[in-house]
Amino acid sequence: MSHVPSPEVIADQVINGLTIGGIYALIALGYTLVYGILFMINFAHGEIFMFGSFAGFFILLQLAESGFAATNVVLSVVAALLGAMLVSSVLGVILERVAYRPLRRAPRLAPLISAIGASIFLQNVMMLLVKARMQIYPDVFPEGAIGLGPVSISYFQVFIILGSVAMMAGLYLFIKRTRTGKAMRAVAEDKDTAALMGIDVDRIIVTTFVVGSALAAVAGVMVGMYYTQINHMMGFLPGIKAFTAAVLGGIGNVAGAMLGGYVLGLAEALGVLVLPAQYKDVIAFSLLVIILVFRPRGILGEVVSERA
Amino acid sequence: MASLIMCPRWVRYLALVGLISALPPLIGNYWTHVLAYIGIYIMLGIGLNVVVGFAGLLDLGYVAFYAIGAYGYALLASPQFCIHVPFWVMIPVCVAMASLGGALLGIPVLRMRGDYLAIVTLGFGEIIRIVLNNLDSVTNGPKGVLRIDPPSIGPFEFTTPTHYYYLILAGCLVSVFIARRLNDSRVGRAWIAMREDEDAASLMGIDVVKYKLMAFAIGASFAGVGGIIFAARQGSIFPDDFSLMVSINVLCLIIIGGMGSIPGVILGALVLIGIPEVLRAVSLYRMLAFGALLVIMMIFRPMGFIPSSRRRLELGRQE
């Protein structure tokens, strides 16, 4: 076994963990919101994340090439984020309408396989669009870091950490304080009764997809800017890991997805201090198996009503 | 002509097998190679059909057992460790290893249903691939295992595509036979009961744990055989040969061909593996079509093209 890492290294990894954790949390929210309402894993959610990332890329590329981005960093980033959210939301709505809605009453296997099919389809659409070449995000973010005692947090990381927290806070307020949010909670708890209460269940389901996809898009743009390289397969691994995070926190549980995201992020970041780096992905998969075997309800418990 | 159709079933099967056996000299080396490749997928499909189609357990990590069979043979019959166990001895060994793997996978997932089961098995399959890729000292990592021994009977070595064609044909026939017997057996009926309603089945006295583990183990063993034949035929194997796509391919061919039915699996393999080989030029769009086909099939014909009659009843009518 290697030597115990120094506190600075650990602190650095904690920051890394919080950064990637925020991203996992954003994606995980999409899974958990959809699962809470439809009881299905939106296998194609990773691809929605990926499309968001590419959308942001194309927007930033245009802005960077025209020189706009150099002088208006904030506006450019906001434009990229909004554009990505739009693209992903539309994609999510189409996905729901085409691949999931016809299968609402089918046995559970069918929507899951349809989701897998949709996932493969979307991956290949993007592959054909960009001719399977990986793309590189334009460098618009300012370099630099802020020191916080012994650790230095890059501006990127600050942006991601604060940005993801902001999105999650926004989501939380939306769900707790708005009428639509209340309707979403009602549909998640009992779809039929909600319909009896006059809630347009279909519209709420579409809204759920829109919200989840928008969050994933934000994560996609952040990942694109942070890691700079994006490719059509980039949604696969984060998709599974984010699902792990959602299950970790308790599927269907919004707070759980956020918590799960950070737990997974930290586990990965600290895990590479003890395991060889190539096994990083094994951490997520192993956590998934462990949590499903020993505590399938997740840390904060499931929030799904019994189905029939 | 009429007398041909009125013949007893076994005569028709014999004729079909005879026809298939006579193909290699007629179709040339390349197509023999392709058909043999389809044959391996038929074996995999039959095995996964046991897990998904018979027992109703959605296993997305099936490729793991394929890998166990392949690497099991490769590591013990190549210059890697300088051990050269004969192919025929390794067949039962690989079957045993794969079955053990299946049972081991089955144990933690016993209580899981549907989506969770799918994701966990997917994770398991990926873990195996990552481990194979990184355990350089044992598996040679991404560089793969090379110069794997071909099977031999005495002085005769299996070298040409035709040799492997017959080997795989034999494997398919045995697999189909075993699968049919399972379907008509007590075990098969237990699986069907479990698949349709686990709680009711266990209330009727079916030991769900035992039959689930059996499904995983038996299903895995087919993949083990497929793996060892694959390794021997390819001569060299790499971790990337055992990606998630293989699991998804096999699942696809079962679903599109017809879940729970053996002719369906064969049709699925022919269509999904054979046609892309024929249309090499448009292989770029193959995966696109895959994905779309899955969605379309689920919406319009979730039971597949040639489902077993039971499945057609199950999945055909929806509210």
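Reminder, nothing fancy here: chain letters follow the sequence lines and each chain counts from 1. Since this is a predicted model, take the numbers as computed values, not measurements. The basis for the numbers below is simple: all heavy atoms, side chains too, and nothing from hydrogens, waters or symmetry mates.
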Original post:
With sequence neighbours left out, which residue pairs that include part of residues 106-131 of chain A fulfil the ring-ring contact (aromatic ring centres under 6.0 Å, His included) condition?
Top reply: none
Original post:
With sequence neighbours excluded, what pairs up with Glu198(B) under the side-chain hydrogen bond (donor to acceptor under 3.5 Å, both in side chains) test?
Top reply: Lys212(B)
Subject >> Any residue meeting ring pair (Phe, Tyr, Trp, His ring centres under 6.0 Å) with Phe124(B), in chain and number order, not counting sequence neighbours >> reply: none
Subject >> Beyond-backbone contact of Leu135(B) with Tyr71(B), side-chain heavy atoms, under 4.5 angstrom >> reply: no
Subject >> Partner chain A: residue of Ile130(B), Leu244(B), Ile119(B) with the largest heavy-atom pair count (under 4.5 Å) >> reply: Ile119(B)
Original post:
Just checking, any donor-acceptor pair under 3.5 angstrom between side chains of Tyr66(B) and Asp241(B)?
Top reply: no
Subject >> Region of Ile296(B) that comes under 4.5 Å of a non-hydrogen atom in chain A >> reply: neither
Original post:
Going by heavy atoms in the side chains, are Thr244(A) and Tyr24(A) under 4.5 Å from each other?
Top reply: no
Subject >> Part of Leu122(B) lying under 4.5 Å from any heavy atom of chain A >> reply: side chain
**OP:** Measure Ser286(A) against the heavy atoms of chain B and call it side chain, backbone, both or neither at under 4.5 Å.
**Re:** both
Subject >> Proximal component of Leu292(A), with respect to chain B [non-hydrogen, under 4.5 Å] >> reply: both
Original post:
Any side-chain heavy atom of Leu58(B) within less than 4.5 Å of one from Leu251(B)?
Top reply: yes
**OP:** Heavy-atom distances under 4.5 Å only: say whether Leu117(B) touches chain A with side chain, backbone, both or neither.
**Re:** neither
Subject >> Which atoms of Phe243(A) approach chain B - backbone, side chain, both or neither, heavy atom under 4.5 Å >> reply: side chain
Subject >> Beyond-backbone contact of Val282(A) with Leu275(A), side-chain heavy atoms, under 4.5 angstrom >> reply: no
Subject >> Residue part contacting chain B, namely of Tyr100(A), when any heavy atom lies under 4.5 Å >> reply: neither
Subject >> N-O pairing of Asp281(A) and Arg129(B) below 4.0 Å >> reply: no
Original post:
So what's closer than 4.5 Å to chain A heavy atoms on Leu293(B): side chain, backbone, both or neither?
Top reply: neither
Original post:
Heavy-atom distance under 4.5 Å between the side chains of Arg104(A) and Asp202(A), does that happen here?
Top reply: yes
Subject >> Spatial distance of atom CD1 (Ile291(A)) from atom CZ (Arg297(A)) [nearest 0.5 Å] >> reply: 10.0 Å
**OP:** Sort Ile255(B) into side chain, backbone, both or neither according to what part of it lies under 4.5 angstrom from a heavy atom of chain A.
**Re:** side chain
Subject >> Most chain A-contacting option - heavy-atom pairs closer than 4.5 Å, from Leu294(B), Val295(B), Leu288(B) >> reply: Leu288(B)
**OP:** Write out, in numerical order, the residues from residues 110-117 of chain A with a heavy atom short of 4.5 Å from a heavy atom in chain B.
**Re:** Ala110(A), Leu112(A), Ile113(A), Ser114(A), Ile116(A), Gly117(A)
